S.K.: 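Pasting a structure below so you can have a look.
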Number of protein chains: 2
Amino acid sequence: MERRIFQNFLVERGLKLTKEREAVLREIFSIHGHFEPEHLYLIIKGSGNKASRASVYRTLNLLVESGLVERISRTDKGSVYEHTYGHRHHDHMICTECNGVIEFYSENLEEIQNTICSKYDFSGKNHTLEIRGTCRTCIKRKK
Amino acid sequence: MERRIFQNFLVERGLKLTKEREAVLREIFSIHGHFEPEHLYLIIKGSGNKASRASVYRTLNLLVESGLVERISRTDKGSVYEHTYGHRHHDHMICTECNGVIEFYSENLEEIQNTICSKYDFSGKNHTLEIRGTCRTCIKRKK
DNA sequence: CTGAAATTGAGATTAAGTTTCAATTGAAAA
DNA sequence: TTTTCAATTGAAACTTAATCTCAATTTCAG
């Protein structure tokens, strides 16, 4: 299904669904959770398929534009992505000790944001909420 | 006041409040709103004071650690900071049409986040909420 | 004043991400 | 099928924010 969506997106822009782009798409949607571009590149490289680092980055940008993938954070060491198609919207807590990511969802949070938007006559399309701090495990470890 | 806070922060860690650090601190707190490191460096350079780019970056990191300054976003072209001392915490709505920024604050939102954090035994230090969409003015304009 | 420790600046370095460009591929038209 | 031409690819060069190096300088406690 994501393949068809990406296909449509590409065709609309006069672009082609090449083997490389397919490989990137396939790997991204077989990853459960977050991933970094370099990591993605290595997986693809080791999977019998092929796609250069440049193609991985290029495809990643296209996928973000198409809405199938989201860049969920930028750290000093690069960006973290996740595929959004087929996943319910959620937000993130990021542990600054171990760089771990915890996903969460709160209906309350969504509602309040809607209220705020209408208060400002703002038409909200999407949002990113990132809570940074220390996760359970790291708190214990530090004691 | 921010000077004293920074001073204390530095002393606690056996560091010194040098002329360079003072210059960075002063300029940051005289800027109304957001700023980028390079921009800050140029302002300081042109203000009779001095601080190398390296010192600007180093001081910026210290200020973030001290809690006086916050990195509010990372873009392809670098980071954006703002000083938080004397400013109530707030979040941002970003209009993707005009790139305008609307600041807002919601106690509700803060409380819910605290609840979520404790639910996950997560020790939240700070957060960034960015709602992207279209602002009032741009909605009107487009009609 | 002295000395240990912190700090500075200039330039080197790092590394994520982008761009370049010659060679290749894809697919629509002939 | 062959032609054709724009799109695509990969390898390496490049860009650029941010960090690091290190010799020289400054700070400040004693």
Side-chain angles (χ1 to χ4, degrees), chain A residues 3 6-25 27-28 34-66 69-81 96 99, chain B residues 3 6-25 27-28 34-66 69-81:
Chain A
R3 209 193 96 109
F6 192 36
Q7 171 85 274
N8 286 346
F9 169 82
L10 291 172
V11 168
E12 263 176 31
R13 303 170 56 134
L15 307 180
K16 292 160 188 170
L17 183 53
T18 60
K19 289 189 186 78
E20 289 81 359
R21 288 179 181 154
E22 272 195 87
V24 173
L25 182 71
E27 286 308 330
I28 287 178
H34 312 119
F35 64 89
E36 293 163 32
E38 181 65 16
H39 183 215
L40 179 60
Y41 166 66
L42 292 174
I43 291 176
I44 292 170
K45 201 176 168 188
S47 78
N49 299 299
K50 51 151 199 163
S52 66
R53 225 178 298 259
S55 283
V56 169
Y57 276 105
R58 285 189 282 232
T59 306
L60 222 28
N61 287 337
L62 288 170
L63 285 165
V64 169
E65 283 183 67
S66 79
V69 169
E70 233 172 67
R71 163 147 51 187
I72 60 170
S73 92
R74 290 162 185 261
T75 70
D76 295 322
K77 300 153 211 149
S79 298
V80 178
Y81 293 81
T96 51
N99 288 313
Chain B
R3 210 192 96 110
F6 193 35
Q7 170 86 275
N8 286 348
F9 169 82
L10 291 171
V11 168
E12 263 176 31
R13 303 168 58 134
L15 307 179
K16 293 158 188 173
L17 183 54
T18 61
K19 287 189 187 77
E20 289 81 359
R21 287 179 181 157
E22 272 194 85
V24 173
L25 182 71
E27 286 308 328
I28 287 178
H34 312 122
F35 64 88
E36 293 162 33
E38 180 66 15
H39 183 216
L40 179 60
Y41 166 66
L42 292 174
I43 292 177
I44 291 169
K45 201 178 172 186
S47 79
N49 299 298
K50 52 152 197 159
S52 66
R53 225 179 296 260
S55 283
V56 168
Y57 276 104
R58 284 188 282 232
T59 307
L60 222 28
N61 286 337
L62 288 171
L63 285 165
V64 169
E65 283 183 67
S66 78
V69 169
E70 231 171 68
R71 164 145 50 186
I72 60 171
S73 90
R74 291 164 184 261
T75 70
D76 295 321
K77 302 152 210 150
S79 298
V80 178
Y81 293 81

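Predicted model only: the values in this text are computed from it and were never measured. Below, chains carry the letters A, B, ... as their sequence lines are ordered, and counting in each starts from 1.
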S.K.: When you measure from the side-chain N and O atoms of Y57(B) to the phosphate of dT19(D), is any distance below 4.0 Å, counting only OP1 and OP2?
M.R.: no
S.K.: Of all the choices, dT8(C), dA16(C), dG10(D), which nucleotide is nearest to the side chain of S55(A) once you look at every atom?
M.R.: dG10(D)
S.K.: Does a side-chain N or O of N61(A) approach OP1 or OP2 of dG17(C) to a distance below 4.0 Å, or not?
M.R.: no
S.K.: Please determine, for the side chain of S52(B), which listed nucleotide (dG9(C), dG17(C), dT9(D)) has the closest atom?
M.R.: dG9(C)
S.K.: Show the nearest heavy-atom pair for residues K16(B) and R21(B), with the distance to one decimal.
M.R.: O-NH1, 2.7 Å
S.K.: Counting only side-chain heavy atoms from C-beta out, which of dT8(C), dT8(D), dG17(C) sits nearest to R21(B)?
M.R.: dT8(C)
S.K.: Going by the side chain to side chain contact (heavy atoms under 4.5 Å, CB included) test, name the single residue among R71(A), E70(A), E36(A) that passes it with V80(A).
M.R.: E36(A)
S.K.: Any chance NE2 of H34(A) has more than 12 other-residue heavy atoms, nucleotides or ligands included, within less than 6.0 Å?
M.R.: yes
S.K.: Kindly indicate whether the side chain of R58(A) and the base of dG17(C) share any N or O donor-acceptor pair separated by less than 3.5 Å?
M.R.: no
S.K.: Is there a salt bridge (charged side-chain N to carboxylate O under 4.0 Å, His left out) between E20(A) and R58(A) once you walk through the steps?
M.R.: CA-CA 10 Å; E20(A) 289 81 359; R58(A) 285 189 282 232; over 6 Å; no
S.K.: Would you mind telling me which residue lines up with the more 5' stretch of DNA chain D, L17(B) or S79(B), judged by nearest nucleotide?
M.R.: S79(B)
S.K.: Where the side chain of K16(B) is concerned, which of dA6(C), dG17(C), dT8(C) is the nearest nucleotide?
M.R.: dA6(C)
S.K.: Measure from the side chain of R71(A), starting at C-beta and using heavy atoms only, and say which of dA18(D), dG17(C), dT7(C) lies closest.
M.R.: dG17(C)
S.K.: Taking the side chain of L15(B) as its heavy atoms from C-beta onward, which of dG9(C), dT7(C), dT19(C) lies nearest to it?
M.R.: dT7(C)
S.K.: Would you say T18(A) reaches dG26(C)'s phosphate, i.e. side-chain N/O to OP1/OP2 under 4.0 Å?
M.R.: no
S.K.: Given atom CD of E20(B) and atom C1' of dT27(D), what is their separation to the nearest angstrom?
M.R.: 11 Å
S.K.: Please find the pair of heavy atoms, one from L25(A) and one from R3(A), that lie closest to each other, and give the distance.
M.R.: CD2-CA, 3.6 Å
S.K.: I need the NZ-C1' distance between K77(A) and dC20(D), as an integer number of Å.
M.R.: 16 Å
S.K.: More 5' along DNA chain C: A54(B) or L10(B), using each one's nearest nucleotide?
M.R.: L10(B)
S.K.: Within this structure, what is the CZ-to-P distance between R53(B) and dC20(D), rounded to whole angstrom?
M.R.: 17 Å
S.K.: Whole angstroms only, please: what is the CD-P distance between E38(A) and dA15(C)?
M.R.: 11 Å
S.K.: Start with the C-alpha gap between Y41(A) and L60(A), add the side-chain angles, then the distance that decides, and say whether side-chain contact (heavy atoms from CB on, under 4.5 Å) holds.
M.R.: CA-CA 11 Å; Y41(A) 166 66; L60(A) 222 28; over 6 Å; no
S.K.: Output the rounded distance in Å from OH (Y41(B)) to P (dT19(D)).
M.R.: 16 Å
S.K.: If I take atom CD in residue Q7(A) and atom C1' in nucleotide dA27(C), what distance separates them, rounded to the nearest angstrom?
M.R.: 12 Å
S.K.: Measure CG/L60(B) against P/dA18(D) and give the value in whole Å, please.
M.R.: 9 Å
S.K.: Nearest of dT19(D), dG26(C), dT8(D) to any side-chain atom of K19(A)?
M.R.: dG26(C)
S.K.: Using whole Å, report how far CD1 of I44(A) lies from P of dT9(D).
M.R.: 11 Å
